[in-house]
Amino acid sequence: MTETFFLGEEDLRVLAEKVVGLLVQKQKSSAPVILLEGDLGAGKTTFTKALAEELGISKDEVHSPTFILKKLYKGKHPTFRSLVHVDAYRFTHPDEARVLRLEEDLKDSNTIVAVEWPSKMTYLQADIELTFRVEDEHTREITLYYEER
């Protein structure tokens, strides 16, 4: 299914709530993967902060992992107790992603894995894809892709 939203930063929490709700419905034996695609400054990290808040993580803790590539946050959500935030922007080849050691993270059904710049990590299978586009200074067009259960 595809849905498109035109949202300001203050509205991203509602979208994060929807995304978490969809993932709870899917309940699978491995970590759900959210792929976040869009230009620099389009809202990928800002959405991840809203997602973190939805999981009981302070959004002030969440920063783009551009230079360290991967961050793990512990949350308080009843289903998803961790959030792994990956930024693959600096990768030039999918094999470089091996340094992240995502294998264990991807096995944990209580962890959400959110990946910025997923086109650099083509081996990941998405449960949800979000594409961000700058509409204007305060508004983003966000397209949500997911399979209905």
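For the single chain, residues carry numbers from 1 onward in sequence order.
- Listed for the K26 side chain is no donor-acceptor partner under 3.5 Å among the backbone atoms of P32.
- Checked against side-chain hydrogen bond (donor to acceptor under 3.5 Å, both in side chains), D60 has no partners two or more places apart in sequence or in another chain.
- With a 4.5 Å cut-off on side-chain heavy atoms, Y146 and V19 do not count as touching.
- Other residues, nucleotides and ligands contribute at most 12 non-hydrogen atoms within 6.0 Å of the NZ atom of K59.
- Sorted by first then second residue, the side-chain hydrogen bond (donor to acceptor under 3.5 Å, both in side chains) pairs that include residues 31-46, not counting sequence neighbours, are T45-E116.
- Looking only at distances, a side-chain donor or acceptor of R140 sits under 3.5 Å from a matching main-chain atom of D136.
- Residues L102 and Y123 meet the side-chain proximity criterion, which asks for heavy atoms closer than 4.5 Å.
- Here the side chains of V84 and L100 are not in contact, with every heavy-atom distance at 4.5 Å or above.
- Within 6.0 Å of atom NZ in K28, more than 12 heavy atoms from other residues, nucleotides or ligands are found, so the atom counts as buried in its surroundings.
- Residue L40 is found in a hydrophobic cluster whose other members, listed by chain and number, are Y89, W117; membership requires side-chain heavy atoms under 4.5 Å apart, directly or through intermediates.
- No option in L51, I142, T48 other than I142 meets the side-chain contact (heavy atoms from CB on, under 4.5 Å) test with L12.
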Assess the residue pair E135 and R133 against the criterion (salt bridge (Lys or Arg N to Asp or Glu O under 4.0 Å)); give the C-alpha distance rounded to whole Å, side-chain angles, the decisive distance to 0.1 Å, and a yes or no. CA-CA 6 Å; E135 182 70 15; R133 192 178 71 72; 2.8 Å; yes
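- Pairs engaging residues 23-43 under the ring-ring contact (aromatic ring centres under 6.0 Å, His included) rule: none recorded [sequence neighbours left out].
- Side chain of D108 to backbone of A31: no donor-acceptor contact under 3.5 angstrom is found.
- In this model, no donor atom of one side chain and acceptor atom of the other lie less than 3.5 Å apart for T111 and D105.
- By the side-chain hydrogen bond (donor to acceptor under 3.5 Å, both in side chains) test, E104 is found to be paired with K107, residues two or more places apart in sequence or in another chain being considered.
- Judged as a ring-ring contact (aromatic ring centres under 6.0 Å, His included), and not counting sequence neighbours, the contacts of H77 are F80.
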